[in-house]
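A quick write-up on the structure given underneath.
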Amino acid sequence: MADTQLPPRIGIDRPGSFSRSVFHERHPVLIANLIADNTYPSHIRDRLEALLAETLEGTVPPEVPPGPNRPFWEAEIARCVGTPWNDLPFLWAESYFYRRILDAVDHFAPARVFYGADPFAPQKQAQLDGAELRTDLEAYAALTERDSTSQDRAERRQALLRAALWGNQADLGFRTTTAIAGQSDIVVDDSPAIWDLIDGPGSGPVIVVADNAGRELTADLALIDAILETAPVELHLKPHPYFVSDATGRDLLATLDALAADPNKPVQALAQRLRDAIRGDRLRLRAHGFYVLPTTYRHLPPDLAADFRAARLVILKGDLNYRRLVGDREWDAATPFGEVVDYFPGDVAALRTAKSDLAVGIDPVRLTELDNASPEWRVSGTHAMMQVLH
Ligand SMILES: O=P(O)(O)OC[C@@]1(O)O[C@H](CO)[C@@H](O)[C@@H]1O
C-alpha cells in the first residue's frame, strides 16, 4: 500500500480516546512512580514535573534533547517547534516524551552522577524478583521435564510460542495504570505458518525484535532456545531505556543472571544453553538506534532492511512494534494484514497483545463479535494476535 493511501495518524487530541488517556492519565502516574522509585535530587524531580506539565498544556520547545540519532531529532524538532503537545501524532509524541525523560534524569549527561542510569531499573528489577516470574519459571520447568515424543515436542514449542505472545501483557508501561484482566482470546493465530518458516530451508537466522524486559524477555528467551534447535537467532534490543520496560542489553544480562540463579534445574540449564549460544555466535545480539525512533518500519535504515531481507523470519514482539509495523493510524481493523505490511523486506510475524487502538487483519464477522462483546478489546491487553506475512 502506497504512503498516500494510508489512513490518518492517531493523535492525542480527542477527548475520551485511549491515546489521550496515555498522556493525561498514565503519564502523571508514570512520572510519580519515577520520582518515588529513584533517589533523585530536587532539580531532577523538578525537571520531571516540568516535563509532565509541558506535555499536558505546553508546546514543543526548540532545544534538541541529547542522545543518539541527533540529526533525526534536530530535523523533527525544527519541524514541530511551537506545536502544542495535544496536536502531535501519538507515536511521535510518546517517543519524544521518553527521550525527554532520559534528558531530565541526566541519562545522556557524561560526568553527571545519573549518567547511563536506567530510570526504570527499579520497576524492571521488581518484576525480575517478583512472584509472577517465579510462577512462569516453575511452569517452564514442568513443561520441559516431560519431553519425549515428537508430539510432546510440538506441544512444548507451541506452549513456548504462546508464552512469548502472552508475555507481552507484562509491559510495565501498560501496567502503570491498567490491571490485567486475564487472557481472553487469540484473535488471529497464524502460528502454523510461523513454525513452517522457522523450520524452513535456508541458512538465514530468525530475528527476534524484543519488546519488554522481565517476564516477556524471559518467555522470549525460552522461545529462542527452542528456535535454536533448528535455526540461528539474532535478538534485537533497544540501545537505551524506552517506554518503561523495553529491554536493553543490560536487561538481557540481568535476565540471564536471574535464570542462572533460579532453583529449578531446567531453568539453570536454559541459562547455560543461551550463554553457550551467545559465546558460540549461534545467538547473536544486536542493538540499533532505529528501535528508539517514532518512524515506522516503512522507513527502515538500509542495514536493518538488508538484515531483515536475509532472515528466514523476523518476529516483532509487542504492541509498539506492531504500531510501527502497520503504522499508528486509524485503520479499519478488517483491512488485510498482508495488504498493510506488503512493503516489509522479508517474512515477518507480529506477536502482540492488543494495548492500543489499532488492529488490522481481523475477520469482519469476528470483528463485529468482538466489538459487540467487549468494546475495550483493542486496548485491554486481554486479546492477542499472531499475524504473519510471507
Ligand atoms: O510495546 P508494548 O510494550 O507491548 O506496549 C507499549 C504500550 O505500553 O505503549 C503504548 C502506550 O504508551 C501502548 O501502545 C502500549 O500499551
Side-chain angles (χ1 to χ4, degrees), residues 9-12 14 17-31 33-34 52 55-56 85 88-101 120 123-124 127 163-181 183 187 208-220 236-238 241-248 251 290-297 315-331 333 349-360 376-387:
R9 284 194 176 83
I10 295 175
I12 52 179
R14 207 178 305 148
S17 63
F18 167 77
S19 47
R20 190 170 173 81
S21 79
V22 168
F23 272 80
H24 289 256
E25 291 162 34
R26 187 181 293 182
H27 287 179
V29 182
L30 187 159
I31 295 290
N33 287 348
L34 276 182
L52 177 65
T55 65
L56 297 177
W85 277 78
L88 294 169
F90 181 37
L91 183 57
W92 194 98
E94 284 194 289
S95 184
Y96 175 59
F97 172 70
Y98 284 99
R99 191 176 176 96
R100 292 284 304 279
I101 287 180
F120 305 111
Q123 292 182 58
K124 289 173 170 175
Q127 199 182 68
L165 170 70
W166 287 110
N168 183 238
Q169 284 187 324
D171 150 23
L172 290 168
F174 176 73
R175 287 181 162 212
T176 300
T177 46
T178 314
I180 295 286
Q183 301 175 357
V187 176
V208 177
V209 180
D211 187 9
N212 297 290
R215 292 178 70 207
E216 180 169 4
L217 183 61
T218 307
D220 292 345
H236 289 202
L237 298 151
K238 303 287 188 305
Y242 199 52
F243 278 66
V244 186
S245 48
D246 278 21
T248 64
D251 295 321
F290 171 78
Y291 293 124
V292 289
L293 290 182
T295 48
T296 67
Y297 281 88
I315 299 178
L316 296 179
K317 290 293 320 288
D319 202 68
L320 177 58
N321 275 320
Y322 192 84
R323 291 166 66 191
R324 297 186 74 195
L325 176 68
V326 306
D328 205 35
R329 293 171 179 271
E330 295 173 7
W331 289 105
L351 267 59
R352 51 105 58 155
T353 56
K355 292 177 289 176
S356 60
D357 277 322
L358 81 173
V360 296
E376 293 291 295
W377 74 270
R378 290 164 206 248
V379 297
S380 59
T382 51
H383 291 68
M385 44 193 77
M386 297 193 257
Q387 292 173 298

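Whatever order the structure lists ligands and atoms in, that order sets their numbers, starting from 1. A quick note: this is a predicted structure, and the numbers were derived from the prediction, not measured. Every heavy atom of this structure was used, including side-chain atoms; hydrogens, water molecules and symmetry mates were not.
Rounding to the nearest 0.5 angstrom, the gap separating the CD atom in Gln387 from the CG atom in Leu351 is 9.5 Å. Considering OG1 of Thr295 and CG of Leu91, their distance stands at 8.0 Å, rounded to 0.5 Å. Leu88 CG to Ile12 CD1: the interatomic distance, rounded to the nearest 0.5 Å, is 6.0 Å. The distance from atom CD of Gln169 to atom CZ of Arg215, rounded to the nearest 0.5 Å, is 8.0 Å. Note that OG of Ser95 is 12.5 Å distant from CZ of Arg100, once rounded to the nearest 0.5 Å.
An N or O contact shorter than 3.5 Å links Lys355 to ligand 1 by distance. Considering backbone and side-chain atoms together, Phe18 places no N or O closer than 3.5 Å to any N or O of ligand 1. Residue contacts with ligand 1: Asn321 is placed with no nitrogen or oxygen under 3.5 Å of a nitrogen or oxygen of the ligand (distance criterion only).
Contact annotation: for Asn212 versus ligand 1, heavy atoms closer than 4.0 Å belong to the side chain alone.
Each of the following atoms of ligand 1 lies closer than 4.0 Å to a heavy atom of Val22: 11 (C), 12 (O). Ligand 1 places these atoms under 4.0 Å from at least one heavy atom of Ser356: 14 (O). Every atom of ligand 1 is numbered from 1 in the order shown, and the set under 4.0 Å from a heavy atom of Phe243 is 9 (O). Below 4.0 Å from some heavy atom of Arg26 lie the following atoms of ligand 1, by number and element: 8 (O), 11 (C), 12 (O), 16 (O). Counting the atoms of ligand 1 from 1 in the order shown, those under 4.0 Å from a heavy atom of Gly318 are 4 (O). Annotation for ligand 1: atoms under 4.0 Å from non-hydrogen atoms of Asp319 are 1 (O), 2 (P), 4 (O), 5 (O), 13 (C), 14 (O), 15 (C).
Using cut-offs of 30° and 60° on the angle between ring planes, the pair Trp85 and Phe23 is tilted.
The residue from Leu316, Asp171, Asp246, Thr353 that puts a heavy atom closest to atom 7 (C) of ligand 1 is Asp171. Compare Lys317, Glu94, Arg324, His27 by their heavy atoms: the one nearest to atom 12 (O) of ligand 1 is in Glu94.
Side-chain polar atoms of Tyr242 and Thr248 form no donor-acceptor pair below 3.5 angstrom. Side chain to side chain, Tyr291 and Asn321 fail the donor-acceptor criterion of an N or O pair below 3.5 Å.
Of all protein heavy atoms, the one closest to atom 10 (C) of ligand 1 is Arg323 NH1, 3.3 Å. Remark: minimum distance from atom 2 (P) of ligand 1 to any protein heavy atom is reached at Asp211 OD2, 2.9 Å.
Checked against the 6.0 Å centroid threshold, Phe120 and Phe243 do not count as a close aromatic pair.
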